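I have placed the structure first, in the form of structure tokens, so that the comments after it can refer back to it.
Residue numbers start from 1 in every chain, and the chains themselves are labelled A, B, ... in the order their sequence lines are given, proteins ahead of strands. Since the structure is predicted, the reported quantities are computational estimates derived from the model, not experimental observations.
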Protein chains: 2
Amino acid sequence: MGKSKFILIYNALSEKIHKQEIAAGSLLPTENELGEQFKASRETIRKALAMLSRNGYIQKIQGKGSIVLDVSRQNFPISGLTSFRELANHSKDTWRTNVHQLVLMKPDDHLKMVMNLHDDQMVWKVIRSRSVNGEAVILDKDYLIQGLVPILTADICEHSLYDYIENDLGLKIGFAKKEITVEHAGVEDKRYLTMSRDTHVVVVRSLVYLESAELFQFTESRHRADKFRFVDFARREHQ
Amino acid sequence: MGKSKFILIYNALSEKIHKQEIAAGSLLPTENELGEQFKASRETIRKALAMLSRNGYIQKIQGKGSIVLDVSRQNFPISGLTSFRELANHSKDTWRTNVHQLVLMKPDDHLKMVMNLHDDQMVWKVIRSRSVNGEAVILDKDYLIQGLVPILTADICEHSLYDYIENDLGLKIGFAKKEITVEHAGVEDKRYLTMSRDTHVVVVRSLVYLESAELFQFTESRHRADKFRFVDFARREHQ
DNA sequence: TAGTGGTCTAGACCACCTT
DNA sequence: AGGTGGTCTAGACCACTAG
């Protein structure tokens with residue numbers, strides 16, 4: 001849960017950095033000082049700092065200290081798993097979700113292979129489009145294993161599917177493998193998306209797993225190319 | 001360096017997983033057992049396991065153990081910073097780099113803003129294309145700060161720029177911020193790339209920083225859309 | 001209940017930067 | 001030389017899963 005001491009320290013420090021209460025370019029207090037401030041041992045402080053470093057808040061330099069990085073200059077979405085709803089809440093635009101299809105189906109061969117399904121497993125297929133200011137710019141095709149999600153309604157799909165999954169069903173998402181490619185717009189794209197003169201869509205295919213390591217969902221998210229943007233922070237692993 | 005005990009343990013275990021000496025879906029030995037095997041304390045083992053978890057090798061489950069994930073099924077490039085040369089070495093295709101331009105220049109206003117440069121700082125501008133089996137599919141435009149890279153030759157640019165930077169100059173890359181978008185092909189794309197009937201390119205813009213947190217390089221990497229693929233592994237942070 | 005991973009601690013030693 | 005972060009240890013307690 002969110003009550004580990006090092007998570008609390010991480011949250012406190014990342015908030016200070018976001019609010020620019022600690023200036024970018026300056027040094028964080030030393031690990032020993034932070035230990036006194038938060039009444040924590042040095043290893044606990046170091047866990048919080050390692051998390052800040054992974055997420056692009058600080059750069060640690062041996063013998064010197066932890067430099068605060070400039071989080072404001074770049075639009076900086078902590079790269080990871082965020083649902084559409086979480087994204088939409090951060091922006092000023094009006095988003096809307098339309099559910100075009102919701103069926104319980106027998107998976108075809110391709111889907112069975114991709115999701116590694118048994119013969120008797122049924123999946124929910126959900127097709128939704130996401131509109132910003134009246135323009136449909138994202139087409140989402142979700143496939144969810146019925147064994148894990150027994151019931152699904154259009155109403156749930158129109159609001160937040162992830163809310164339902166995590167809060168109501170109590171399932172916990174663990175990780176996802178994603179693949180990004182660019183493809184020609186297909187029939188469904190033209191039907192459901194407000195296509196500009198562009199003829200391409202960015203396709204993000206994800207395999208989503210629970211904390212139990214069970215595969216849970218396959219998603220194909222098709223973005224109008226001119227509206228797509230992906231931001232990433234990556235550290236070099238010197239081994 | 002790469003001689004930390006937990007890195008050695010990480011390498012040993014990740015290699016075993018890659019070689020499928022430990023089957024996907026099975027459990028790793030317990031942390032205490034691993035501690036005995038590697039003659040390390042539990043916290044050191046846990047550091048190695050945390051790294052395996054971050055990189056998609058295992059899923060830890062409290063009270064149960066560490067499940068080995070299927071690394072083989074997906075083509076699985078540890079998402080992070082890898083240079084062109086490192087990528088090319090993994091594939092069977094013949095790659096080739098062509099240097100089209102190499103100049104020391106005064107940055108224009110836009111570049112000065114993006115890279116946060118002083119008035120007197122000069123930058124190396126390098127334009128290169130990358131060909132696979134004779135087709136030019138990637139166009140790289142690099143801008144390197146001359147204060148950090150005093151000398152640069154076409155020969156270096158044609159071989160590995162990163163080798164030179166890390167081994168000869170002794171600079172250490174720390175992290176990068178990347179942004180991926182899709183854009184219409186421009187004049188330069190048409191000149192340097194073997195364009196198929198596609199009219200779009202995927203543009204990856206990166207700000208690359210040293211371990212000292214100094215900005216070092218700005219890169220615009222333009223990929224022929226049909227040859228672009230980006231794979232990512234992401235964990236959900238439950239806070 | 002026993003065994004697993006999750007967290008936290010206090011202390012030690014090393015490598016690196018600064019003066 | 002003194003202070004910083006980097007690593008490692010041994011031990012403790014908690015939370016969760018299993019039989």
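- Here B/R46 does not reach the OP1 or OP2 of C/dG5: none of its side-chain N or O atoms lies under 4.0 Å away.
- Note on B/T44: a side-chain N or O is less than 4.0 Å away from OP1 or OP2 of D/dT9.
- The side chain of B/K60 places an N or O atom within less than 4.0 Å of a non-bridging phosphate oxygen (OP1 or OP2) of C/dG6.
- Atom CD of A/Q62 is separated from atom P of D/dG5 by 10 Å (rounded to the nearest Å).
- Side chains of B/Y10 and B/E15: no donor on one and acceptor on the other come within 3.5 Å.
- Note that the OG atom of B/S66 and the NZ atom of B/K60 stand 4.5 Å from one another [nearest 0.5 Å].
- A residue-by-residue look at B/T30 and A/G63 shows that B/T30 has its nearest nucleotide of DNA chain C further toward the 5' end.
- Rounded to an integer number of Å, the gap from NZ of B/K172 to P of C/dA15 is 14 Å.
- Between B/R42 atom CZ and D/dA12 atom C1' the separation is 11 Å, expressed in whole Å.
- Phosphate contact (OP1/OP2 of D/dC16, side-chain N/O of B/K64, threshold under 4.0 Å): absent.
- Distance CD (B/E43) to P (D/dG6): 16 Å, rounded to an integer number of Å.
- Contact detail for B/L102 and B/T153: the closest heavy-atom pair is CD2-C, 3.4 Å.
- Atom pair B/I45:CD1 and C/dT4:C1' shows a separation of 15 Å (rounding to whole Å applied).
- Phosphate contact (OP1/OP2 of D/dT9, side-chain N/O of B/K5, threshold under 4.0 Å): present.
- Checked by atom type, the side-chain pair A/S41/A/E43 shows no donor-acceptor distance below 3.5 Å.
- Residue-level contact check: B/I61 touches the backbone only, with heavy atoms under 4.0 Å from sugar-phosphate atoms and none from bases.
- Rounded to whole angstrom, the span from the CD1 atom of A/I7 across to the C1' atom of D/dC14 amounts to 16 Å.
- Rounded to a whole Å, the NZ atom of A/K3 is 12 Å from the C1' atom of C/dG6.
- Residue A/S4 places none of its side-chain N or O atoms closer than 4.0 Å to OP1 or OP2 of C/dG6.
- Nucleotide C/dA12 is matched to D/dT7 when pairs are restricted to Watson-Crick or G-U wobble geometry with both distances under 3.5 angstrom.
- The CG atom of A/L152 sits 6.0 Å away from atom CG of A/L161, with the distance rounded to the nearest 0.5 Å.
- Separating the CD1 atom of B/I58 from the C1' atom of C/dG5 is a distance of 11 Å, rounded to the nearest angstrom.
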